[in-house]
Structure formats: C-alpha cells, structure tokens
Number of protein chains: 2
Amino acid sequence: MAVTISDVAQAAGVSKGAVSYALNGQPGVSDATRGRILQVAKDLGWKPSLRAKGLSSAKAYALGLVVARDPKLLGTDPFFPAFIAGIETTLAEHDYTLVLSVATAPGAEERAYRKLADGGRVDGVILTDVRHNDSRIGLLRELKLPAVTLNRPDSGSPFPAVSMDDTDGITAAVEHLIALGHVRIGHVGGAQEYIHGRSRRRAWESALAATGLAADLFAEADFTARGGVAATAELLRRADRPTAIVYANDLMAMAGQSYAQSQGLSVPGDLSVTGYDNAEFTQYLNPPLTTISTDPMRWGRVAAQALLDQLNGTHSGKDTDLQAPSLLVRASTGPVPATPNQHATKQANQ
Amino acid sequence: MAVTISDVAQAAGVSKGAVSYALNGQPGVSDATRGRILQVAKDLGWKPSLRAKGLSSAKAYALGLVVARDPKLLGTDPFFPAFIAGIETTLAEHDYTLVLSVATAPGAEERAYRKLADGGRVDGVILTDVRHNDSRIGLLRELKLPAVTLNRPDSGSPFPAVSMDDTDGITAAVEHLIALGHVRIGHVGGAQEYIHGRSRRRAWESALAATGLAADLFAEADFTARGGVAATAELLRRADRPTAIVYANDLMAMAGQSYAQSQGLSVPGDLSVTGYDNAEFTQYLNPPLTTISTDPMRWGRVAAQALLDQLNGTHSGKDTDLQAPSLLVRASTGPVPATPNQHATKQANQ
DNA sequence: AGAGTTTACTGAACCGGTTCAGTGACGGGA
DNA sequence: TCCCGTCACTGAACCGGTTCAGTAAACTCT
C-alpha cells in the first residue's frame with residue numbers, strides 16, 4: 001500500500017541495494033546518485049517500514065517499561081508520569097518508542113516481561129521499583145533481555161544501574177527537624193520490600209543515631225494515602241508520640257498531615273511533617289509541605305540513554321549516579337512544641 | 001539465535017507451511033500431524049517472532065497513545081494511570097501491546113503521531129483530551145491511522161467514540177449544592193479548549209439556569225493545582241463571592257480548598273467545594289472532598305476493545321456510551337452560611 | 001473400476017528492508 | 001600499454017513468518 005524501497009529504486013533507476021546504501025549514509029554510492037535517490041525518496045514520501053527494518057536487523061526499536069503498581073497508587077504518585085516523560089525526551093531523539101505495560105494482577109508482572117521478550121517486542125527494559133531480592137533480575141537474565149535498573153539491586157545484578165541516592169535528602173530532613181529542636185522524630189516508611197523503602201528508612205535511622213536519638217517511631221505503610229493515614233494514626237497513638245514525622249513520599253505525608261489536623265493537631269504547631277518527591281500539589285497544601293525535591297524526569301532521561309548505550313554497545317558498564325535530591329523547606333515544619341499538646345494527644349489517642 | 005519456524009519444521013519432519021497452518025489452527029494438516037507439530041514447537045520453546053509476523057501480515061500488534069499534557073499535571077492527575085491500566089486489561093487478553101508517547105514540547109504532539117504512523121509502529125491510536133476543533137482528527141485521517149476518541153469531538157470525526165458523559169455528575173453536584181441552600185455557586189473550569197472543559201462548564205450553567213440562578217461566577221483554569229488556586233482567588237475576590245464552588249477536577253478542588261482555608265475560610269462552613277474524578281487522595285483531605293466518581297479504568301478497557309474491534313472489522317461503527325459517573329457526597333459540602341462571613345470576605349479580598 | 005472430489009502436504013513466492021559477493025568501468029603506476 | 005586496485009553499482013540471499021498454487025494419495029460415488 002505505502003511506498004516501498006523498491007518503488008524508490010525503480011523511480012530513481014537504481015537497485016534496492018543502492019537505495020538502502022544511500023539512505024543509510026553507507027559508502028557504495030556516488031554523491032550524485034545519493035542525492036538523486038534522497039530526492040526521489042522525499043518526493044515519493046517514502047518512510048522506511050519499521051517492521052521490515054526490524055526483521056532484517058533483529059531489532060524492535062522499542063524499549064519496555066513494566067509498571068507493577070496498584071493503579072490506585074499509580075494514579076496519584078507523580079513519579080511515573082514524569083519519569084516516563086523523561087524517557088520520551090531521550091527516545092524522541094532516537095528512532096525508538098516506549099512500550100508500556102501496567103501489571104496490576106498478581107503474576108501479571110512476570111507475564112508482562114515474558115510478553116515483551118517473547119515476540120521480540122522490545123530490545124531492552126527499564127526496571128523500576130526494585131525490590132529486595134528482586135526475582136525480576138533472574139527473569140530478565142533468563143529471557144536474555146538487556147536492562148538498566150533504577151538504583152542498584154541488593155542482590156547481584158548484571159545490569160547497569162542509574163541511581164539517585166535518597167539518603168542525603170532524608171538525612172537533610174531529619175537534621176532540619178533536629179535543628180528545630182525535635183527529638184521525637186518518627187518515620188512513615190514505604191513498603192520495606194522495595195529497596196527505596198528500605199534505604200529511606202535506614203537513612204532516617206542513621207541520621208537519628210548520629211545524634212544519639214532513638215529510632216523507635218517507625219511505621220510501615222505502602223506509599224498510598226490510605227496507608228499513610230493508618231501509619232500516622234499508629235504513631236500518634238504511641239505513648240511518647242512524635243513531634244515530627246518524616247514520610248517516605250508526599251502522598252503519605254499529605255494524608256498524614258490531613259489526618260493529624262482532623263485529630264485536632266496543628267501542623268506544624270503540634271506536629272511537623274516532611275514528604276518526599278516534591279509533587280506539584282505539595283506547595284498548595286495547607287500548610288505547604290516541606291519535602292525533598294527529586295527529578296524523576298531527569299532520571300528517566302538518563303536511564304533511557306543508558307539503556308540505548310547498552311544496546312548499541314557504547315555503554316561503559318558502570319553505574320550512573322545522579323545528583324542527590326535536596327531538601328525543600330516549606331511551612332509544614334516548625335520548632336518543636338514547648339510541651340506536648342495534651343489536648344491534641346488525648347484526641348489522637350481516642 | 002532463537003528457535004524459528006524452520007527449526008520446528010525440520011524437527012517435526014514437515015515443511016514451514018505445515019507448521020504455520022498447525023500453529024494457527026488453520027485447516028490443511030491432519031490432527032495427528034498438528035499434534036506432533038504443536039508438541040515439537042513446545043519442546044523447542046518456539047515463540048513466533050512478532051517482527052516476522054508483522055511483516056507478512058502488515059500489522060504492528062500495538063496500539064498507540066499520545067499524551068500531550070504538561071508532565072507536571074500528568075504527575076498528579078489520576079486519570080491517565082488508571083486509564084492506561086484499563087487499556088492493558090484489554091490488551092493482556094490479546095496479542096497487543098501499548099506504545100505510549102508523552103509529548104510535552106509544543107509541536108511534539110503531531111511529531112509523535114507521525115512517528116507512530118510512519119514506520120507502522122502501531123495499528124491504531126486512542127485519542128484522549130479531545131479539543132475544540134481538534135486538529136488531530138484531520139491528522140489521523142491524513143495518516144490513515146484508525147482511532148477511537150474519548151467522547152465525541154465537536155468537529156466532525158469519522159472515528160467511533162467511547163463516551164462518558166460528564167453532564168450528569170456536574171448537574172448532580174450543582175443540585176446537591178442548591179438543595180443545601182446555596183445560590184452563589186461558582187465554577188472553576190478546566191481549559192475551555194478541551195471539550196470536557198466545555199461540557200462541564202455548560203452542565204454547570206444549565207443546572208443553574210434550570211433553577212433560575214445566574215451563572216456569573218466562572219473562572220477558567222487549566223486543571224492544575226496552581227491554576228485552581230489562581231481561579232479560586234479570583235472568584236473569592238468578587239464582590240458577591242460564591243458560597244460554593246464546583247471544580248472541574250479534584251486537583252483544582254484540593255488546591256482551591258487549601259487556598260480558601262489559608263485565607264481563613266472554613267470548608268464547608270464558609271465555602272462548599274466539589275471536585276471531579278474521585279482521586280484516591282480526595283478521601284484523605286481535610287475535609288474529605290465531595291466529588292464525582294468516575295471510572296477511568298473501565299473507560300480504558302472499553303476504548304481499547306473498541307479499537308481492536310475496529311481493527312479486525314467487527315466494530316459496529318456506533319459510539320459507545322459508558323455509564324455516567326455519579327456524585328459522591330463527603331464533608332467538603334454543607335449548608336449555605338446564614339450570612340456571608342464578613343471577616344473571611346475581608347481576608348479573601350486582601 | 002474409473003472419474004471426480006477431498007485431504008494433507010510441499011515448495012516457492014512474498015512482505016520490505018539489509019548485506020554480501022560479484023561485475024564492469026575507470027584511473028594510476030610501471 | 002598492460003595490469004591492478006578502487007569505485008559504483010547490481011543481483012541475490014536473507015531475516016521469519018504467511019499464503020498460494022500445485023501434487024500425490026485417499027476417499028466418494030455410480
């Protein structure tokens with residue numbers, strides 16, 4: 001139906017081979033002929049068929065991303081859209097597209113990777129939300145699918161990683177709170193099965209330990225608003241409740257802040273709160289959220305580039321370290337209350 | 001590298017053609033031979049190459065989605081992730097994948113569609129965020145790319161639409177507020193270039209007109225938190241300010257609610273607020289948001305199915321109408337204040 | 001039993017590119 | 001002037017499937 005390379009060859013009075021050379025900048029055709037072929041191709045509106053190209057070159061010209069999050073969470077977590085936008089920024093400059101899979105049902109994740117690998121739909125994948133002892137590493141190895149991981153997996157991984165350290169940000173948040181006089185600093189963590197859930201928790205622990213404070217006020221949640229509320233409620237029920245809570249993401253922080261306010265606590269008067277990600281909405285909360293400003297778009301850009309480099313063999317094999325995100329102080333953090341607010345504590349205990 | 005159909009043919013002692021027939025359930029092979037071929041294929045772990053398949057069948061086995069939103073907005077709008085998850089639900093049952101493009105820069109959108117169409121990367125696309133006199137309709141026609149649209153474009157469109165009416169929800173919200181005694185009901189609309197921005201505004205106007213109320217309290221925003229704040233500020237500055245605001249989405253409602261509170265207004269004591277979408281976070285706001293509960297996942301599922309049907313010729317060509325979303329009353333709406341809160345008005349005017 | 005039909009399969013062409021071996025023309029060096 | 005090397009290009013094979021025309025054997029019918 002569409003115009004093929006044979007049409008161009010015929011119109012230009014040369015063979016298919018010559019056209020192929022001319023269009024790919026390969027030697028083997030004179031400049032005059034090359035120019036003529038290019039002109040004819042343009043006049044005819046020829047566009048190379050990706051399918052045919054892929055068949056002979058054994059490439060898919062596509063990268064894969066499997067997202068295995070609960071769609072509920074996906075919906076409000078600003079990470080992925082920005083991350084994907086970053087990937088696209090890189091891909092737009094190359095002849096690649098992004099194939100996205102969302103795996104919600106259990107078991108769907110492995111099926112998704114197999115689906116991408118089996119028919120040769122993608123040339124490589126970007127692995128996000130790396131988990132403790134992540135089984136996908138072995139899977140991708142088995143499927144012989146090139147990959148890059150976001151952050152370095154704790155089990156061995158043969159794939160290059162693109163890392164954005166979250167230690168610095170959390171440390172800065174804790175130090176900021178300590179500087180404000182807080183000593184009871186809690187942490188509402190993301191699911192600890194994720195390595196970024198773990199590393200944020202460890203960073204919080206270390207920062208407290210460095211000042212000799214106890215890291216007893218931990219509650220595990222799942223990065224969702226619902227989980228954030230539950231974990232916050234748990235921490236506020238404790239006898240010696242926190243005067244500040246460091247959350248592992250903005251969504252939980254927002255939900256926790258709202259919950260605390262609904263229990264009669266003032267933020268930051270009775271409770272200081274920090275988030276993580278610097279989602280757009282954080283600056284429009286009441287009070288605006290102190291958070292850690294990450295750059296998922298850049299992360300996506302770099303990860304896609306690393307994968308492309310790996311595919312065409314120009315990758316060094318070394319991990320890439322992106323600049324660590326930094327603390328953004330807004331109005332949800334303030335000085336430690338002089339004495340615990342008994343009224344609020346009582347309410348929170350109910 | 002991988003095992004091909006020729007390997008299977010050789011191992012089974014038949015020709016390539018026979019293998020192809022056997023594997024596709026076509027007649028032309030005896031049951032005995034078919035069984036043998038299937039067994040051999042299984043033993044060898046043969047997976048058909050999508051590329052080769054696509055070349056001969058002239059299909060890409062992929063659907064395209066171009067998202068042309070500001071990544072900032074994308075990040076917090078819960079629509080897309082859930083919508084995409086819905087698409088995946090359908091695609092998982094078919095041998096199709098989703099190719100996602102995010103177009104952020106101006107002009108990138110058209111380039112993205114061309115990129116998908118040119119190499120034959122996708123067999124069809126789903127058109128979201130339809131705009132007034134949407135130029136993409138003509139573009140897709142020119143590119144001969146099959147499509148379905150989300151809601152029916154206001155300019156003529158040859159593509160089937162999958163619609164989810166937003167009139168009922170907005171109408172219900174306005175009627176709910178009227179029942180609570182409100183007469184000054186404002187609307188913070190999304191960008192009016194979008195048809196869903198327009199239809200929500202019109203629904204608000206009609207619902208007010210039906211009760212003889214004036215629809216003068218309109219402010220256009222852009223579906224972002226920042227825009228929501230600006231529009232809310234504008235409405236609250238008006239001499240005869242609203243006692244209730246109907247927002248075109250949750251994000252603006254959240255931001256507007258926070259802004260009003262920061263100006264000393266109580267929600268819903270001084271100002272009632274409604275959103276649209278029922279994003280997860282809305283129930284964890286303080287107060288929880290009265291909103292309209294949509295089902296983007298179902299929308300994605302149905303839209304993908306409609307496109308697939310169209311591609312294999314089984315589509316009726318008629319538009320599909322999904323069940324209209326319904327109002328979900330929570331605590332951000334309440335009775336109209338007895339008299340305008342002078343203190344708050346003064347603050348809001350500052 | 002002979003003619004006609006059906007079944008089961010083969011071989012080759014084809015999809016639209018890439019790539020490699022081969023060929024004729026031309027230029028340069030001795 | 002002859003020989004060799006280079007250049008510019010052609011023709012064909014190839015990637016891994018699908019599909020069509022052709023064929024031999026088995027089956028049906030009278």
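Reminder, nothing fancy here: chain letters follow the sequence lines and each chain counts from 1. In this text the structure is predicted, and so the values were computed from the model without any measurement.
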Query raised in the report: So, A:Asp118 side chain and A:Lys115 main chain: donor-acceptor pair closer than 3.5 Å or not?
Result: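 Between the backbone of A:Lys115 and the side chain of A:Asp118 there is no qualifying donor-acceptor contact (under 3.5 Å).
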Query raised in the report: Side chain of B:Leu55: nearest nucleotide among D:dG16, D:dG17, C:dG17?
Result: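 Closest nucleotide to the B:Leu55 side chain: D:dG16.
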Report summary line: Quick note, B:Ser20 side chain, CB onward, closest among C:dT19, D:dT18, C:dG17 is D:dT18
Report task. Any pair with a residue in residues 80-103 of chain B that passes ring-ring contact (aromatic ring centres under 6.0 Å, His included), sequence neighbours left out, goes on the list, sorted by first then second residue, please. Result ->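 Counting only pairs at least two positions apart or across chains, the ring-ring contact (aromatic ring centres under 6.0 Å, His included) contacts touching residues 80-103 of chain B are B:Tyr61-B:Tyr96, B:Phe79-B:Phe83.
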Query raised in the report: Base, sugar-phosphate, or nothing for A:Ser57, non-hydrogen atoms under 4.0 angstrom?
Result: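 Counting heavy atoms under 4.0 Å across all strands, no contact is made by A:Ser57.
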Query raised in the report: Just checking B:Lys59: base, sugar-phosphate only, or nothing, at a heavy-atom cut-off of under 4.0 Å?
Result: nothing
Whole-Å distance between [N] [atom2] and [X] [atom1]?
X       : N      : atom1 : atom2 : value
B:Lys53 : D:dT18 : NZ    : C1'   : 10 Å
A:Arg51 : D:dG17 : CZ    : P     : 16 Å
B:Asp95 : D:dG17 : CG    : C1'   : 14 Å
B:Leu50 : D:dT18 : CG    : C1'   : 14 Å
A:Ile37 : D:dA8  : CD1   : P     : 12 Å

Query raised in the report: Roughly how far, to the nearest 0.5 Å, is CD1 of B:Ile5 from CG of B:Asp7?
Result: 10.0 Å
Query raised in the report: For the atom pair CG (B:Asn151) and CD1 (B:Ile195), what is the distance rounded to the nearest 0.5 Å?
Result: 5.0 Å
Query raised in the report: Salt-bridged, B:Asp321 to B:Arg152, with N to O below 4.0 Å?
Result: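 A salt bridge is absent here (no side-chain N lies under 4.0 Å from a carboxylate O).
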Query raised in the report: When you match B:Ala52 and B:Gln26 each to their closest nucleotide on DNA chain D, which lands nearer the 5' end?
Result: B:Ala52
Query - Side-chain N or O of A:Trp46 closer than 4.0 Å to phosphate OP1/OP2 of C:dG16 - result: no
Requested in this report: Answer yes or no: does a side-chain N or O of A:Ser56 lie under 4.0 Å from OP1 or OP2 of C:dT18?
Outcome: no
Requested in this report: Would you mind listing every salt bridge (charged side-chain N to carboxylate O under 4.0 Å, His left out) that reaches into residues 17-39 of chain A, with sequence neighbours excluded?
Outcome: none
Report task. Measure the angle between the two terminal helix axes of the helix from C:dA1-D:dT30 to C:dA30-D:dT1, five base pairs each, and quote it to 10°. Result -> 40°
Sequence neighbours left out, cut at 3.5 Å: what donor-acceptor pairs do the side chains of residues 40-47 of chain A make with other protein atoms?
unit_1  : atom_1 : unit_2  : atom_2 : d
A:Asp43 : OD1    : A:Gln39 : NE2    : 2.9

Distances for protein N/O vs nucleotides 5-11 of chain C N/O pairs under 3.5 angstrom?
unit_1 : atom_1 : unit_2  : atom_2 : d
C:dC9  : OP1    : B:Thr33 : OG1    : 2.4
C:dC9  : OP2    : B:Ser30 : N      : 2.6
C:dC9  : OP2    : B:Ser30 : OG     : 3.3
C:dC9  : OP2    : B:Thr33 : OG1    : 3.2
C:dT10 : OP2    : B:Ser15 : N      : 2.8
C:dT10 : OP2    : B:Ser15 : OG     : 2.9

Report task. Flag the pair B:Pro146 / B:Leu311 as yes when at least one side-chain heavy-atom distance between them is below 4.5 Å, and no otherwise. Result ->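 Of all side-chain heavy-atom pairs linking B:Leu311 with B:Pro146, at least one is under 4.5 Å.
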Query raised in the report: What side-chain hydrogen bond (donor to acceptor under 3.5 Å, both in side chains) pairs are there with at least one residue in residues 139-149 of chain B, not counting sequence neighbours?
Result: B:Arg114-B:Glu142
